[in-house]
Student: 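Would you mind keeping the following structure in view while I ask a few things?
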Amino acid sequence: MELFIYDGALHGERLLRLVRRASAPFSAADIDVRVCDNEAALEAALHHAVAEEAKRQERFFPMRTDDGIRLLRLSRVLYFQSEGHRIHTALTDGTVLRSRSLRVSTRELLSPLLASGKLLQVSKSTFVNTQHVCSISLDGVHLAGGCIVPVSRKYYAEFLQASRESFGP
């Protein structure tokens with residue numbers, strides 16, 4: 001998504017010709033042109049554009065449960081925790097889902113999310129969603145909603161390094 005802020009020098013037909021010429025590679029559905037006559041309208045349009053782009057980029061995680069396959073929005077996942085051959089997934093609404101028996105390791109299953117930095121491993125069996133990390137203390141990782149997930153000694157240094165890369169110093 002690219003946003004161009006227009007200063008008002010072009011009007012009417014000249015503006016439409018410029019937009020059509022610049023947007024030729026895109027379909028009409030990809031382009032949303034709005035005329036904003038004041039700062040509040042421009043701010044609202046920018047917030048709308050950012051929210052739409054966030055929805056477009058939303059990642060999903062397929063999970064096989066006893067009820068069938070569920071497609072979870074990653075933004076609703078607080079953490080994943082493996083137990084035996086199953087994964088328990090804690091959601092932002094307090095629900096905990098339990099997967100069916102897995103044939104691969106949890107780390108292997110979650111590897112694309114780990115590689116992208118969307119998840120961080122805090123223990124042998126627990127992976128937290130970076131989107132919901134509020135703070136880090138000696139107690140563990142404080143997640144949105146007041147949930148605290150302990151960080152094991154083995155993963156503490158690795159977790160701190162990864163969190164610095166994800167969140168900055």
Side-chain angles (χ1 to χ4, degrees), residues 1-4 26-27 29-32 34 40 42-169:
M1 173 182 68
E2 290 186 35
L3 296 174
F4 296 92
F26 302 98
S27 72
D30 294 332
I31 305 296
D32 185 14
R34 295 182 188 182
L42 176 60
E43 184 176 0
L46 290 173
H47 282 292
H48 175 75
V50 168
E52 288 298 312
E53 182 65 12
K55 271 194 242 176
R56 192 182 69 72
Q57 290 184 1
E58 174 70 86
R59 301 270 327 244
F60 292 91
F61 182 77
M63 183 175 176
R64 292 182 65 195
T65 67
D66 293 330
D67 300 335
I69 297 176
R70 307 239 343 228
L71 197 58
L72 304 174
R73 286 184 185 275
L74 190 58
S75 62
R76 294 190 58 225
V77 174
L78 288 173
Y79 63 88
F80 295 98
Q81 187 170 40
S82 65
E83 184 179 299
H85 293 282
R86 295 180 181 264
I87 296 178
H88 296 266
T89 305
L91 303 178
T92 54
D93 65 2
T95 305
V96 177
L97 298 175
R98 192 174 132 180
S99 74
R100 294 183 81 187
S101 187
L102 302 173
R103 296 180 186 186
V104 297
S105 72
T106 304
R107 185 166 181 76
E108 186 179 337
L109 185 69
L110 299 175
S111 64
L113 299 174
L114 288 164
S116 70
K118 295 197 180 294
L119 293 182
L120 293 176
Q121 189 167 7
V122 295
S123 71
K124 180 180 178 183
S125 62
T126 308
F127 304 82
V128 297
N129 185 344
T130 57
Q131 183 178 355
H132 297 292
V133 173
C134 296
S135 65
I136 303 162
S137 72
L138 294 176
D139 295 334
V141 181
H142 297 253
L143 300 175
C147 180
I148 300 173
V149 178
V151 180
S152 72
R153 266 187 259 146
K154 179 180 176 182
Y155 288 91
Y156 195 77
E158 184 181 325
F159 174 75
L160 284 179
Q161 179 61 34
S163 64
R164 284 188 188 108
E165 291 170 8
S166 294
F167 309 117

Student: Would Tyr156 and Leu138 count as a side chain to side chain contact (heavy atoms under 4.5 Å, CB included) if you check the C-alpha gap in whole Å, the side-chain angles of each, and the deciding distance to 0.1 Å?
Tutor: CA-CA 10 Å; Tyr156 195 77; Leu138 294 176; 4.2 Å; yes
Student: Which distance, rounded to the nearest 0.5 Å, do you find between the CG of Leu78 and the CG of Leu91?
Tutor: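 Interatomic distance, Leu78 CG to Leu91 CG, rounded to 0.5 Å: 7.5 Å.
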Student: Please step through side chain to side chain contact (heavy atoms under 4.5 Å, CB included) for the pair Asn129 and Leu119, ending with a clear verdict.
Tutor: CA-CA 5 Å; Asn129 185 344; Leu119 293 182; 4.1 Å; yes
Student: How long is the straight-line distance from CZ of Arg107 back to CG of Leu109, given to the nearest 0.5 Å?
Tutor: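 Output value for this atom pair is 12.5 Å.
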Student: Mind listing the closest non-hydrogen atom pair of Glu108 and Ser111 along with its distance?
Tutor: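 Closest approach of Glu108 to Ser111: O-OG, 2.9 Å.
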Student: For Asp67, what residues pass the salt bridge (charged side-chain N to carboxylate O under 4.0 Å, His left out) criterion, not counting sequence neighbours?
Tutor: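 Expected list: none.
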Student: Donor-acceptor check, side chain of His132 to backbone of Ser75, threshold 3.5 angstrom: yes or no?
Tutor: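 Yes: the side chain of His132 pairs with the backbone of Ser75.
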Student: Among Leu120, Val122, Thr106, which residue satisfies the side chain to side chain contact (heavy atoms under 4.5 Å, CB included) criterion with Phe127?
Tutor: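 Of all the options given, the one that passes is Thr106.
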Student: Side chains of Pro62 and Leu71: does their closest heavy-atom pair fall under 4.5 Å?
Tutor: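 Yes, their side chains come closer than 4.5 Å.
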Student: Could you walk me through whether Glu83 and His88 satisfy the side chain to side chain contact (heavy atoms under 4.5 Å, CB included) test, starting with their C-alpha distance in whole Å, then the side-chain angles of each, then the deciding distance to 0.1 Å, before giving a yes or no?
Tutor: CA-CA 7 Å; Glu83 184 179 299; His88 296 266; 3.7 Å; yes
Student: Please give me the minimum heavy-atom distance between Ile87 and Met63, naming the atom from each residue.
Tutor: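 Scanning both residues completely, I find the closest heavy atoms to be O-CE, 3.5 Å.
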Student: Nearest heavy-atom pair of Ser123 and Ser152: which atoms, and what distance?
Tutor: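 Answer, listing the atom of Ser123 first, then Ser152: CA-OG, 3.7 Å.
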Student: Decide, yes or no, whether a salt bridge links Asp93 with Arg76 under the criterion of side-chain N to carboxylate O below 4.0 Å.
Tutor: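 Salt bridge between Asp93 and Arg76, a charged N being under 4.0 Å from a carboxylate O: yes.
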Student: Let me see the working for Asp66 and Arg86 under side chain to side chain contact (heavy atoms under 4.5 Å, CB included), right down to the final yes or no.
Tutor: CA-CA 11 Å; Asp66 293 330; Arg86 295 180 181 264; 3.9 Å; yes
Student: If we ignore hydrogens and angles and just use 3.5 Å, is the side chain of Thr130 paired with the main-chain N or O of Gly117 as donor and acceptor?
Tutor: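 A pair under 3.5 Å: yes.
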Student: Leu143 and Cys134: which non-hydrogen atoms are nearest, and at how many Å?
Tutor: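 Between these two residues, the closest heavy atoms are C-SG, 3.8 Å.
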Student: Look up atom NZ in Lys118 and atom CG in Leu110, then write down how far apart they are to the nearest 0.5 Å.
Tutor: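 Reported value, rounded in 0.5 Å steps: 14.0 Å.
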Student: Rounded at 0.5 Å granularity, tell me how far CG in Leu74 sits from CZ in Phe60.
Tutor: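 One finds 10.0 Å between CG of Leu74 and CZ of Phe60.
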Student: Any chance you could measure Arg64, atom CZ, to Ile69, atom CD1, to the nearest 0.5 Å?
Tutor: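 The CD1 atom of Ile69 is 6.0 Å from CZ of Arg64, to the nearest 0.5 Å.
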